[in-house]
S.K.: 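If you scroll down you'll find the structure; I have some questions about it.
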Amino acid sequence: MSECIAKVSGKPLKAYSSKKEAREAKKYVRERYGSKTYIYLCEKCGNFHLAPKSSRIHVKHNACSCRDSNGNPKALYRFRWDAKKQMKKSQEEQKVWLRMYRCPERWGWHLTHTEKRR
């Protein structure tokens, strides 16, 4: 099992083996430091981590029938600012420049790397 590293600080992330343990840590952080966090299940290590609530991005998969160029379901960002956060994150971490557009089917936004069609 690999250790997860925080992107900002470069330090190892605290891993919680159960959601209950993560909830207790979240409560402690809130009471001790006044910080708002959220719990997420890490796909890399399989444990739970905490992250600042301000960094949360609301995204849904399979929420519409839109597909990417490989035929996979596109991520649907609930809010415009979530799509913008993900665009910025992709630029900083992966050096990928994206643009956003409104989903033609639902309330929400998609990201794409393709040029805007005229």
Side-chain angles (χ1 to χ4, degrees):
M1 206 180 309
S2 61
E3 187 172 49
C4 296
I5 305 296
K7 291 180 178 117
V8 175
S9 69
K11 295 180 180 177
L13 288 174
K14 178 71 176 147
Y16 305 97
S17 58
S18 71
K19 197 160 190 178
K20 181 181 178 186
E21 186 182 7
R23 275 193 221 108
E24 291 169 3
K26 178 182 174 177
K27 183 179 176 183
Y28 173 80
V29 167
R30 174 77 173 167
E31 290 172 356
R32 176 87 164 116
Y33 303 104
S35 301
K36 293 182 180 180
T37 59
Y38 72 96
I39 299 166
Y40 68 96
L41 179 60
C42 181
E43 293 176 5
K44 183 178 177 185
C45 71
N47 289 308
F48 294 93
H49 299 296
L50 299 181
K53 204 160 201 167
S54 61
S55 70
R56 185 166 199 169
I57 297 172
H58 297 89
V59 62
K60 290 184 178 184
H61 299 277
N62 297 313
C64 63
S65 65
C66 298
R67 302 280 182 232
D68 66 17
S69 58
N70 297 320
N72 299 315
K74 293 203 82 159
L76 181 70
Y77 298 90
R78 185 171 159 196
F79 303 107
R80 185 182 176 101
W81 61 79
D82 286 325
K84 282 187 175 186
K85 265 194 233 181
Q86 184 60 50
M87 278 183 6
K88 185 176 180 183
K89 186 176 177 182
S90 294
Q91 288 172 355
E92 292 172 354
E93 294 175 9
Q94 301 165 1
K95 307 298 184 228
V96 174
W97 279 259
L98 302 170
R99 69 173 181 83
M100 67 180 174
Y101 64 95
R102 189 180 298 275
C103 176
E105 293 182 12
R106 301 186 54 129
W107 289 98
W109 301 86
H110 292 299
L111 298 177
T112 185
H113 64 278
T114 59
E115 296 279 329
K116 186 174 182 177
R117 294 181 184 158
R118 297 195 182 254

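In this chain, residues are counted from 1 in sequence order. From a predicted model like this one, the values you see are computed outputs, not experimental measurements.
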S.K.: Residues two or more places apart in sequence or in another chain: which of them pass salt bridge (charged side-chain N to carboxylate O under 4.0 Å, His left out) with Glu93?
M.R.: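 So Glu93 forms a salt bridge (charged side-chain N to carboxylate O under 4.0 Å, His left out) with Lys7.
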
S.K.: Hey, what do you get for CH2 (Trp109) to NZ (Lys84), rounding to the nearest 0.5 Å?
M.R.: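 Taking CH2 in Trp109 and NZ in Lys84, the distance rounds to 9.0 Å.
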
S.K.: With the 4.5 Å side-chain cut-off for hydrophobic clustering, are Tyr101 and Leu111 part of the same group?
M.R.: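 Different clusters: Tyr101 never reaches Leu111 through Ile, Leu, Val, Met, Phe, Trp or Tyr contacts under 4.5 Å.
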
S.K.: Could you give the distance from CZ (Arg56) to OG1 (Thr37), rounded to the nearest 0.5 Å?
M.R.: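 Taking CZ in Arg56 and OG1 in Thr37, the distance rounds to 10.5 Å.
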
S.K.: Excluding sequence neighbours, so at least two apart, what forms side chain to side chain donor-acceptor pair (under 3.5 Å) with Ser90?
M.R.: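 Scan of Ser90 (side chain to side chain donor-acceptor pair (under 3.5 Å), adjacent residues dropped) gives Gln86.
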
S.K.: Quick check: do Glu24 and Lys20 have side-chain heavy atoms less than 4.5 Å from each other?
M.R.: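 Glu24 vs Lys20: side chains touch.
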
S.K.: Tell me, please, which residues at least two apart from Lys36 pass side-chain contact (heavy atoms from CB on, under 4.5 Å).
M.R.: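 In terms of side-chain contact (heavy atoms from CB on, under 4.5 Å), with neighbours along the sequence ignored, Lys36 is linked to Arg30, Lys53.
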
S.K.: Does the side chain of Tyr38 come within less than 4.5 Å of Leu50's, by heavy atoms?
M.R.: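 SC-SC contact between Leu50 and Tyr38 ruled out.
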
S.K.: Once you measure the plane-to-plane angle for Tyr40 and His49, does it fall in the parallel (<30°), tilted (30-60°) or perpendicular (>60°) bin?
M.R.: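 Geometry flag for His49 against Tyr40: tilted rings.
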
S.K.: For a quick test of reading the model, state the closest non-hydrogen atom pair linking Cys103 to Leu76 and the distance between them.
M.R.: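 That closest heavy-atom pairing would be CB-CD1, 3.6 Å.
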
S.K.: Tell me which donor-acceptor pairs under 3.5 Å the side chains of residues 59-69 have, and how far apart each pair is, sequence neighbours excluded?
M.R.:
unit_1	atom_1	unit_2	atom_2	d
Ser65	OG	Glu105	OE1	3.3
Ser65	OG	Glu105	OE2	2.2
Asp68	OD1	Asn70	N	2.9
Asp68	OD1	Gly71	N	3.0
Asp68	OD1	Asn72	N	2.9

S.K.: Report the distance from atom CD1 of Ile39 to atom CZ of Phe48, rounding to the nearest 0.5 Å.
M.R.: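 Spacing of CD1 (Ile39) from CZ (Phe48) equals 8.0 Å.
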
S.K.: When the side chains of residues 10-18 are checked against the rest of the protein, which donor-acceptor pairs come out under 3.5 Å, sequence neighbours left out?
M.R.:
unit_1	atom_1	unit_2	atom_2	d
Ser17	OG	Glu21	OE1	3.1
Ser18	OG	Glu21	N	3.0

S.K.: Taking C-beta and beyond as the side chain, do Met100 and Arg80 meet within less than 4.5 Å on heavy atoms?
M.R.: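 The answer is yes; the side chains approach within 4.5 Å.
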
S.K.: Which heavy atom of Glu92 sits nearest to which heavy atom of Lys95, and what is that distance?
M.R.: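 What the structure gives for the nearest pair is O-NZ, 3.1 Å.
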
S.K.: Please report the C-alpha distance between Ser35 and Val29 in whole Å, then the side-chain angles of each, then the deciding distance to 0.1 Å, and finally whether the side chain to side chain contact (heavy atoms under 4.5 Å, CB included) criterion is met.
M.R.: CA-CA 6 Å; Ser35 301; Val29 167; 3.8 Å; yes

S.K.: Check whether any side-chain heavy atom of Thr112 lies under 4.5 Å from a side-chain heavy atom of Arg99, and answer yes or no.
M.R.: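 A side-chain contact exists here, since the closest heavy-atom pair is under 4.5 Å.
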
S.K.: How would you list, by chain and number, every residue that makes a ring-ring contact (aromatic ring centres under 6.0 Å, His included) with Phe79, sequence neighbours excluded?
M.R.: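 For Phe79 the ring-ring contact (aromatic ring centres under 6.0 Å, His included) partners, ignoring immediate neighbours, are His58, Trp81.
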
